[in-house]
There are 2 protein chains.
Amino acid sequence: MIMKNVKLLLESKNIRPSFQRLKIYKLLAETKEHPSVETIYNELKEEIPSLSKMTIYNTLELFVEKKLARLITIEENEARFDAITTIHGHFKCTKCGRILDFPIDESLLPNPGNGFTVNDVDFFVRGICPGCRN
Amino acid sequence: MIMKNVKLLLESKNIRPSFQRLKIYKLLAETKEHPSVETIYNELKEEIPSLSKMTIYNTLELFVEKKLARLITIEENEARFDAITTIHGHFKCTKCGRILDFPIDESLLPNPGNGFTVNDVDFFVRGICPGCRN
DNA sequence: TTGAATTTTATAAAGATTCAAAATATAATA
DNA sequence: TATTATATTTTGAATCTTTATAAAATTCAA
């Protein structure tokens, strides 16, 4: 993803495209690893030595608010993030620890029932991935 | 749920039915609130003044291991627990904060695909509950 | 270029969880 | 019953993630 497009995307959501925000979004969009704050920090601190974790927390919170990112609570301890905001499932391999995306048919999703307003759906599966089974 | 049956249940899972474990299981089984460690601690400390949170952490971990309880990660910060271990959905009302159960048709559940071993499924929905909409 | 608003940074504080060791309770054996 | 071994609980400190606060730096517009 080229920077110019990241910039346009943030601006389309009324987010000022600061250097840090651009870098954080670009990283998130280019990885499939569902990184934590810690991971993002480690990936970027070489390029941005002044970077503080607080900036990452603030930025991700802003992205989630503006629906540029999703917060994933599949891990017990730390928040994970995903730049893909359309509905999809998350598979966590309890052996290698990776979190993988998989498509889900939205029309088949369970529904809490009449009278409930649904704003957000998470579908988490835990088990062993094909690579770890061999 | 009477204590005798709690005792039998724990014993059937090879868990020594200590006083603390019995009380913690009974509380978890009799509430629909999906309590946190903190909540369980506050509920029980009057009856068991010596109780420590560490015991609750240890006990719940043991229960989850032995499939007497489920760990629910719908909250960003704290772990919640549920004595119902069969597959069902969780709805979190972002207004009143309550976490409610709802049934889901297991045969319709999305599947990560061939080659994946599935051990555990979580289905979380966030939104507004009927009570809070009025 | 100046000044106001925003963003980033550094530091501290809070909250949840884990660790290690001591104290207590339970079970097994003599 | 007394003794010993084992399991459980408690305590207090440590760690880890996240949040709060305020100062410093940066950006933007006049």
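In the text below, chain A, chain B and the rest are named by the order of the sequence lines, each starting its count at 1.
- Distance alone, capped at 3.5 Å, places no donor-acceptor pair between the A:T59 side chain and the A:I56 backbone.
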Check the pair B:L22 / B:K7 against side-chain contact (heavy atoms from CB on, under 4.5 Å), numbers first and verdict last. CA-CA 7 Å; B:L22 290 169; B:K7 188 163 180 287; 4.0 Å; yes
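- For B:K32, the side chain to side chain donor-acceptor pair (under 3.5 Å) criterion is met by no residue, not counting sequence neighbours.
- Within residues 4-27 of chain B, the residues having any heavy atom closer than 4.0 Å to DNA chain D are, in order of number, B:R16, B:S18, B:Q20, B:R21.
- Distance B:L51 CG to D:dG12 P: 15 Å, rounded to the nearest Å.
- The residue A:S50 sits close only to the backbone: its heavy atoms come under 4.0 Å of sugar-phosphate atoms, none of a base.
- Distance CG (B:L44) to P (D:dT10): 11 Å, rounded to an integer number of Å.
- Shown here are the side chain to side chain contact (heavy atoms under 4.5 Å, CB included) partners of A:T94, two or more places apart in sequence or in another chain: A:R126, A:I128.
- Applying the 4.0 Å criterion to OP1 and OP2 of D:dT10, one finds that B:T55 has a side-chain N or O inside that range.
- Other cluster members for A:L109: A:I87, A:F91, A:L100, A:F102, A:I104, A:F116, A:V118, A:V121, A:F123, A:V125, B:I87, B:F91, B:L100, B:F102, B:I104, B:L109, B:F116, B:V118, B:V121, B:F123, B:V125, joined by side-chain heavy-atom distances under 4.5 Å among Ile, Leu, Val, Met, Phe, Trp and Tyr.
- B:S36 meets the side chain to side chain contact (heavy atoms under 4.5 Å, CB included) test with B:E38, B:T39, B:E78, B:R80; sequence neighbours excluded.
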Between N or O atoms, less than 3.5 Å apart, protein on one side and nucleotides 13-21 of chain C on the other: list the pairs.
| from | atom 1 | to | atom 2 | distance (Å) |
| --- | --- | --- | --- | --- |
| C:dA16 | OP1 | B:E78 | OE1 | 3.3 |
| C:dT17 | OP1 | B:A79 | N | 3.0 |
| C:dT17 | OP2 | B:Y57 | OH | 2.6 |
| C:dT17 | O5' | B:Y57 | OH | 3.3 |

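- Remark: P of D:dT18 and CD of B:E75 are 14 Å apart, rounded to the nearest angstrom.
- Considering every non-hydrogen atom in both A:L51 and A:Y41, the closest pair reads O-CE1, 3.4 Å.
- When every heavy atom of A:L68 is checked against every heavy atom of A:T85, the shortest pair comes out as C-CG2, 3.7 Å.
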